[in-house]
Structures are given as C-alpha cells and as structure tokens.
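Both counts, for ligands and for their atoms, begin at 1 and track the order of listing.
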Amino acid sequence: MTKRASPPPASDKPGATAPPPPPAWRHYLWVLAIALFLVLYFVLPTTRATSPVSLTYSQFLTDVTAHHVKTVTIYTTGAASGTLTNGSSYTTAIPPQAGQAFLDTLQSNGVGVTATASGTSFGADVLSVAILILPFLVIGYIWYRLSKGAASQLQGAMGVGRSRAKIFDEEQPKTTFSDVAGYEGAKLEIREVVDFLRRPDRYARAGAMAPRGIIMVGPPGTGKTLLARAVAGEADVPFFSVTGSSFVEMFVGVGAARVRDLFQEARKRSPCIVFVDEIDAIGQRRAGSGSVVANDEREQTLNQLLSEMDGFDPATGIVVLAATNRPEVLDPALLRPGRFDRQVTVPLPTLAERTAILRVHCRGKRLDHSVDLGIVARGTPGFSGADLANLVNEAAIVAVREGRELIVAADFDQARDRILLGRREGSNVLLPEEKHAVAVHEAGHALVAALSDKADPVAKVTILPAGQSLGVTEQLPLVERHLYGEDYLRQALAVRLGGRAAELLKLGQGSTGAANDLATATDLATKMVREFGLSSELGPVGYPEGGSVFLGGGAGLSSRPFAEQTQAVIDREVSELLRQAERTALEVLRTHEPQLDRLVDLLLASETVDGSTVYDIVGRPEPSFGAGTGLTVAPGRFAEEA
Ligand code: ADP
Ligand code: MG
Ligand code: ZN
C-alpha cells in the first residue's frame, strides 16, 4: 500500500555546474562608496569641531589669569589650541602683537606652552583624507575580486586547449583482485591484461597482439571502476583515470586536445593503464545525416580517441580500459577490433558473489555469531556491489546508534529494510481506521501469496509505514531464477491485486492505497502481452518497449512499431489479464475469509508478522530455503512493495 501513486523521480547525476557569472549587484557598490564618502566628508570635520570651544583673545587671557588654562599650543599662523583645567579643549587666535608680555603671562600662570611650525596638525589631515578615500579602496577591492573570478573562468575556458589543463588523475592504486569479490570470469579475461602490462616485450617478441582496449559493461555499482583499479594494482603500473564527461567542454576542440594530452602523457609513462570511466558520455553514436542535433564537440573528441587508439604501437604497453552502463548507445566504431575489441560483462552479483562481497566489506568489522552472511545475501537479490557495501555500512550505523560495536543479524535486517523501503515511522502516524484498512490490504497480499503455489514465499508482512509505503508484504524468491513461467507471472499479478481484492471484500470499496500495486501490475501485464507473447489474441509477437529508440540515434523520435488496432488489442488483453488476476485473488480470499480475519487481527495487534506465522494461519508448510537448484542469476530487485 502506498501513500503516493508515483515513485519519487529517480535522482539523476547532477550536470557539471557552469561557473557563476559575476554578481550584477557589484555595480551598486560604487553608489555605496560615494554615499559613504559623502557621509564621512560631512561627519569627520564636525567630530573634530564639536568638542573645542572657541575663545576670543580676551576671554583666553581672562581664563589664563584665572588659572583655568592648562596647556596651549601656538601655531606660527597665530592660531592656538589647548586644554582647560576642566578638561575641555579650546581654540583661539593670538594677535601677532601679543609678544613677550603675553608669553610671560602664560608662564607666570603655569600654562604649558608648545610652539608648532605648521598651521594645523599635519597627521590629522592625512588621517582624514585617508578615511575619506577608504570606502573607495575597500569597495574597489571587492569589485576587483568579484570581476576577477569571472574573468579567470572565462580565460580558463578560452585557453584550456593551449594551457594543457590536466583533467586526468594519475596514481598507482594499491587495489588488488582480492578486493574484488566474485566475478571470476571477468577477472580471468582481465588477468591477461595484467600479464601483458607486466611483460609487454614478451608479447612483442612473440608477435602477439595484446588487447588494446577492454570495455567493461554492467549496471551501476557492480565494481567496474574497482576492477580497473585492481588491474593497475596487480600489474603495478600507473593508472590514468578520466571520466568521459570531463572531456566535453563548451568549446569545440577542447575535448580532442585533452585526449591528445592524455595519451601523450600515457606514452611517456608506459606501460600503463588509461581508464575512461562512463565512456558513453563521449562514445555515443555519432549522429547520422538524418539526426536533428549533431554534437560537434563530442564527435571530435570521439574521433580523436579512436585515432589515438589506432595510432599507438601495440608494443608500447598502453591498455585502455573503459566502463559504461549503457553499451547500446556506443558508437560501433569504438567496438571494432583494434579498439575496444573485448567486452567484459560485469553483471549484478549472484548469490555466492553477494556473500563474497559482503565478506569483503565486513573485513575489519565485528560481527556477532548470529550473523550469517549467506542469509543476508539471500535476502538481497538484485543488490549491486555498491548496494551491498552500503548495506554493511548501514548495519554498522544501526549498531552504533544502539550503542554496540558488535553488529548483530537484526542490524542487517533493519539496514536492508531501510535501504529498500526508507526509514520506518511509528504506526501511530495512521488514523485507527486507516490502520485497519492497511492491515486488510496487506493481509490480502500475504494470503494470496501464501496460497499460490508458484508465487515467491511470503517473508514478512508489516503495517509499519516506511518511506513511501504504508505497509509492506515482502516476498523473497527461493532461488534466483533465470526465467519466469506464465503461471508464475499470472500468480504474481494475482498477488499484486490481492491487496485491493481484500479491501473490496472486507471494506466494500477500493482505496488510493492500491495505486502502486495497480501500476506495477499493469506494467507487468503489458509486458506479458507486448513482449512475452503470452496473449492468445495478439499471438507470438514481441514489441519490446523503446526497442527502436536507439536505432535512429536520436532519442524521443521513436514511433510505435505497430498499428492502432494492435494497440487496441493490447489494451484489451492487458485489461483482461488484470481482471482474471483480480477474480483469482477475490476467489482465494473469499474461500479463506476466516484466515484473512485472523491475519488482519494479528497485524493490528503486533504490526509485523513473520512469513512462518502466515503459513501457520493458512495451514500450509512454509516453503524452505535451500530447496533451490542452485540457479544463479539475480532476477532484479524484488521487494514486493505491496
Ligand atoms: P561501478 O564503477 O561499476 O559503478 P564501482 O566500481 O564504483 O562501481 O563500485 C562501487 C563500490 O561498490 C566499490 O567501491 C566497492 O566498495 C563496492 N563493490 C562493487 N563490486 C564489488 C566487488 N565485487 N567486491 C567488493 N566490493 C565491490
Ligand atoms: Mg564507476
Ligand atoms: Zn498493496
């Protein structure tokens, strides 16, 4: 049962951010500077002029004789200033005729006399000028910094072809094949490269062509980058790594120059490995004449890469490794012999490989003896190596949060649920009647699954909301399947519609909670009709979704490869499949209504019910793990979000 019908949008890789332009507000800084200047210009003199009282000469003399004057500074211009005994300062003017008698008066009344040559104090003048131009200096500096940032970015882009900006990393990885669990087949193919890099001369003498390029193909997170590093680590050679997207710049020709640079450097350091990660960014099919948009820059970069790979002497000992998760978009020229002539597939790990990967990532962590990594691996079909690394880390975090250093089996469970479903919230976010509806819905899924002989066994039912779902019925496959029969698919449809069927049966109406079930069921049914040829009316034809998109090279130009009537037939067949599945589910639930009520009560009481309890209720033996025949291909992530 879900809160929202559509899943959150898949987060995409953020594109490279363009350098920010210099902020436009910097122009206002000048207005600010002038305003500050004016304020200071008017304020400064007043601050100096307010305090001193200005005295007439006779007042001054009176004060002197009354012993009110402490000091006096007499300038050659005749101006004088000083302090009075009460602490306040004063200014006055001394007539040039005053002469010796005046000085004697000062002396006899105990006034400290200073004579100064200049008119006003020179230091104060300098200071006030400095203060006045200070705003211009400060704001001029800020302006300069703001503009310089933009200028240097512009210059960087213009000059990069010449300035040979380094975009590749060179290192000597310490990764070895033992850090890469599983993938024995891929390692075997790649081991040859290691051998070649260690003794390039031997290959040269024998006249053997060593592989020049290997392209690793597989879903994200399956360890392609890790494998490439391991090759460099095993062969003990320098490793030049670069991402395809970093070649592509705004200016045509930059990418090509960078490719040239990269190989120039690699030639100097051979034997070595050049690793182009995410090569699909530059290696996409070059646009044909029919294409709407041509990407000149990418094509030039690709051409340069191709000619570099053609150009180097096989004996130099450079091996180019590349990785991609979209092999179908690659230009055929890249895959020609002499370039990336070898493809190594790096699939999602099998059960045994998942166990091995878990073991690698549990190194150095303290595991309780309750943890069986084999069971963890069984519960994580469709997880990639990166997902598993993440799982181990999450489990460790759960343990730390509970104040333990030892990771126990329950931590792995919790981590897995969190990764698959999001964080669990308490069930009290639901209104009581909502809680009841969710329990009915999930019990419906669970019962239909437990009563269908071909469906994947129920592992757990819960009405604790988590992430986007209000409740979950989790099914885990007994074995990893290569293919699914029609009976399995039909029952899977019935299980998916089981939630809604239970709502119709017990509550008399449907609800929004089934939206996601309906969407996935419709998707599966459409595939059954369109792609798997499981509809008698349409017959043995297959129109794979998006099959024609890549042929023309331009995405979004695909057209439906069948007639309007065919679409009508497909729609009819899909809806017929779904109706049948709903009938099946309703039938199963109607004949097992007491069991349904029992499960609903149990769910309301304890919120989470184990698969074994569900099988107890329906009076069937729980299908046991281990009955598997050792089939080994991950069937894709399968947590029935029900
Ligand atoms: P890709 O390049 O295929 O997207 P990465 O090589 O970047 O994937 O793998 C991501 C992480 O997943 C690695 O850093 C490693 O921790 C983990 N990982 C993936 N595959 C394996 C494996 N076979 N053995 C051990 N760790 C793995
Ligand atoms: Mg990678
Ligand atoms: Zn559901």
Side-chain angles (χ1 to χ4, degrees), residues 1-3 5 13 173 175-187 190 215-231 241-245 275-281 321-326 344-350 352-363 377 383-393 437-449 461-463 465 468-475 492-503 510-521 585 639-642:
M1 200 177 239
T2 45
K3 282 179 195 162
K13 254 190 235 151
T175 320
T176 63
F177 278 148
S178 70
D179 296 314
V180 188
Y183 299 130
E184 292 310 325
K187 280 188 202 165
I190 285 185
I215 190 158
M216 288 180 286
V217 175
T222 45
K224 299 181 292 294
T225 310
L226 192 69
L227 261 172
R229 297 174 61 84
V231 173
S241 72
V242 65
T243 2
S245 58
F275 176 54
V276 187
D277 210 351
E278 321 285 350
I279 197 174
D280 42 282
L321 295 182
T324 181
N325 45 30
R326 303 165 63 206
V344 174
T345 316
V346 187
L348 286 173
T350 61
E353 285 168 342
R354 286 201 301 275
T355 316
I357 294 173
L358 284 169
R359 202 166 292 130
V360 166
H361 287 280
C362 285
R363 270 188 217 154
F383 272 47
S384 70
D387 291 332
L388 293 169
N390 185 26
L391 175 76
V392 173
N393 188 45
V438 175
V440 167
H441 181 106
E442 298 306 333
H445 283 305
L447 272 199
V448 176
V461 196
T462 175
I463 56 165
Q468 286 302 313
S469 64
L470 294 176
V472 176
T473 300
E474 197 173 71
Q475 290 172 277
L493 284 183
V495 172
R496 273 171 213 202
L497 294 179
R500 190 178 119 92
E503 285 179 57
S511 76
T512 57
N516 191 49
D517 293 343
L518 296 181
T520 56
E640 164 76 355
E641 194 188 278

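For ligand 1, the atoms sitting less than 4.0 Å from at least one non-hydrogen atom of Pro220 are 4 (O), numbered in the order shown with element in parentheses.
Scanning both residues, Phe177 and Ala230, for their nearest heavy atoms gives CD2-CB, 3.8 Å. Nearest heavy-atom pair across His445 and Val495 is ND1-O, 2.7 Å.
Protein N/O/S atoms found under 2.8 Å from the Mg ion (ligand 2): Thr225 OG1.
Here Leu227 has no heavy atoms under 4.0 Å from ligand 1, in either its backbone or its side chain. Residue Glu353 does not touch ligand 1, judged by heavy-atom distances below 4.0 Å.
Counting only heavy atoms of the protein, atom 19 (C) of ligand 1 lies nearest to Gly385 CA, 3.4 Å. In terms of protein heavy atoms, atom 6 (O) of ligand 1 is closest to Leu226 N, 2.9 Å.
At a 3.5 angstrom cut-off on N or O pairs, Tyr183 does not count as close to ligand 1. Considering both main-chain and side-chain atoms, Ile357 never comes within under 3.5 Å of ligand 1 through any nitrogen or oxygen pair.
Side chain of Arg354 to main chain of Pro349: a donor-acceptor pair is present (N/O by atom type, distance under 3.5 Å, no hydrogens or angles). Here the side chain of Thr222 pairs no donor or acceptor atom with the backbone of Gly218 at under 3.5 angstrom. Asn390 places no side-chain N or O within donor-acceptor distance of the main-chain N or O of Asp387, the cut-off being under 3.5 Å.
Take Thr345 and apply the side chain to side chain donor-acceptor pair (under 3.5 Å) test, not counting sequence neighbours, and it matches no residue. Residues meeting the salt bridge (Lys or Arg N to Asp or Glu O under 4.0 Å) test with Asp277, sequence neighbours left out: none. Under the rule for a ring-ring contact (aromatic ring centres under 6.0 Å, His included), Tyr183 has no partner lying at least two apart in sequence or in another chain.
Ion pairing between a basic and an acidic side chain is recognised when a charged N comes within 4.0 Å of a carboxylate O; Lys187 and Glu184 show such pairing. Using a 4.0 Å cut-off between charged side-chain N and carboxylate O, Asp280 and Arg326 make a salt bridge.
Heavy-atom distances between Asp387 and ligand 1 stay at or above 4.0 Å for every pair. Judged by the shortest distance from any of its heavy atoms, Arg229 lies outside the 4.0 Å radius around the atoms of ligand 1. Within the structure, the closest approach of Gly182 to ligand 1 does not fall below 4.0 Å when heavy atoms are considered.
Of the candidates Thr225, Leu348, Val217, Thr225 brings a heavy atom nearest to atom 2 (O) of ligand 1. Checking Pro349, Ser178, Ala181, Ala356 against atom 23 (N) of ligand 1, the nearest heavy atom belongs to Ala181. Compare Pro219, Ala386, Ala389, Ala228 by their heavy atoms: the one nearest to atom 11 (C) of ligand 1 is in Ala386.
Counting heavy atoms from C-beta outward, Thr462 and Glu442 have side chains that stay 4.5 Å or more apart. Side-chain contact between Asp517 and His441: present, with at least one pair of heavy atoms (C-beta onward) separated by less than 4.5 Å.
Residue side and main chain included, Asp517 places an N/O/S atom under 2.8 Å of the Zn ion (ligand 3).
For the pair NE2 of His441 and NE2 of His445, the angle whose vertex sits at the Zn ion (ligand 3) is 90° to 10 degrees.
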